[in-house]
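Contents: one structure, followed by commentary.
These numbers come from a predicted model, not from an experiment. Below, read A as the first sequence line, B as the second, and so on, with proteins coming before strands; counting in each chain starts at 1.
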Amino acid sequence: MMHLRKPGMTAQYEPLRRAFYQRPTVDVAQDLLGKLLIRRTEEDGVTILRLTEVEAYLGAGDRACHTFGGRRTPRTEVMWGQAGFAYIYFVYGMYHCLNVVTVGPGEPEAVLVRGGVPVTGEALMVTRRGGRRRALADGPGKLCQAMALTREQNGLDLCSRGGGLWIADDGVRPSIEKIQRLPRVGIAYAGEAASWPLRFVWSPRTRDLRR
DNA sequence: GACCAGATGTACT
DNA sequence: GTACATCTGGTCT
């Protein structure tokens with residue numbers, strides 16, 4: 001597979017600054033494509049994914065969003081806070097989903113991180129995925145499994161390396177025409193919002209993955 | 001390939 | 001009690 005960075009230099013990537021996240025959620029979602037999701041743990045070291053699929057969730061007016069209608073519960077509390085923090089929740093009794101909070105306090109919007117391709121630490125991701133060598137992180141549950149993300153990482157600040165989870169820019173720029181806008185997945189209950197084109201999918205060719 | 005059932009815990013009604 | 005921002009392994013083509 002694609003090892004485009006030497007493992008030794010991987011942890012040096014600077015976290016995106018908070019201003020990146022303090023923008024309209026749709027802009028943040030689209031701009032996250034091609035960025036590096038970096039995970040560092042004491043036990044395992046560093047794993048990195050390049051993001052290829054995200055969804056925007058637009059807060060109180062979005063029936064598919066956990067904060068629809070202004071819902072504010074212990075689970076959704078992180079979404080109500082500062083942009084640039086991780087909102088991780090448990091679904092279907094066995095999986096986790098990673099979101100990044102956008103906009104700012106009192107505007108509970110977020111981007112669901114749905115998929116990425118391995119850049120560094122692929123063997124470790126395979127181990128975390130129970131030995132499955134394919135489809136390592138092409139869905140939100142798989143992505144969290146490959147990156148060892150659970151509710152323990154809920155509320156981490158992505159603008160700091162201290163929590164072992166951050167997002168960085170290494171200069172790769174998806175070309176706009178390679179990005180598809182589609183309806184979001186798994187939200188048929190959301191009425192009109194189910195058809196909103198808030199899912200962003202980047203299908204990179206190998207050469208697109210280089211700077 | 002497509003389709004389907006089952007697994008499972010939490011939030012919320 | 002019900003629905004859920006999912007995935008896997010089985011079956012069938």
Going by heavy atoms in the side chains, are [X] and [Y] under 4.5 Å from each other?
X: A:D169; Y: A:F20; answer: no
X: A:E77; Y: A:R72; answer: yes
X: A:Y21; Y: A:V111; answer: no
X: A:D157; Y: A:Q82; answer: no
X: A:H96; Y: A:L149; answer: no
X: A:L37; Y: A:L143; answer: yes

Give [X] one of three labels, base, sugar-phosphate or nothing, depending on what nucleic acid heavy atoms sit under 4.0 Å from its own.
X: A:F90; answer: sugar-phosphate
X: A:R151; answer: sugar-phosphate
X: A:G93; answer: base
X: A:R184; answer: nothing
X: A:R132; answer: sugar-phosphate
X: A:L112; answer: base

Grab the [atom1]-[atom2] distance between [X] and [N] for me, whole Å please.
X: A:D138; N: C:dT6; atom1: CG; atom2: P; result: 13 Å
X: A:R134; N: C:dC7; atom1: CZ; atom2: C1'; result: 15 Å
X: A:F68; N: C:dA5; atom1: CZ; atom2: P; result: 13 Å
X: A:L149; N: C:dT6; atom1: CG; atom2: P; result: 16 Å

Check: Just by modelled atom types, is the A:A148 backbone N or O under 3.5 Å from a matching donor or acceptor in the A:R39 side chain?
Finding: yes
Checklist line | Exam field: side chain A:R184 to backbone A:A56, donor-acceptor pair closer than 3.5 Å | finding: yes
Next item on the list: Identify the 5'-most and 3'-most nucleotides of DNA chain B with at least one atom closer than 4.0 Å to a non-hydrogen atom of chain A.
Entry: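 Contact boundaries, 5' end first: B:dA7 to B:dC12.
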Taking only the side-chain nitrogens and oxygens of [X], find out if one of them lies under 4.0 Å from OP1 or OP2 of [N].
X: A:R129; N: C:dT8; answer: yes
X: A:Y95; N: C:dT6; answer: no
X: A:R199; N: C:dA5; answer: no
X: A:Y189; N: C:dA5; answer: yes

Check: Would you write out the dot-bracket form of DNA chain B, 5' to 3', with Watson-Crick and G-U pairs under 3.5 Å, [ ] for crossing pairs, | for pairs to other strands and . for unpaired bases?
Finding: |||||||.||||.
Notebook entry, point to check: DNA chain B: A:V91 or A:R72, which has the more 5' nearest nucleotide?
Noted result: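 Nearest-nucleotide comparison on DNA chain B picks A:V91.
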Next item on the list: Decide whether a cation-pi geometry holds between A:R71 and A:F68; the criteria are a distance under 6.0 Å from NZ or CZ to the six-membered ring centre and an angle within 45° of the ring axis.
Entry: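 Here A:R71 fails the 6.0 Å and 45° test against A:F68.
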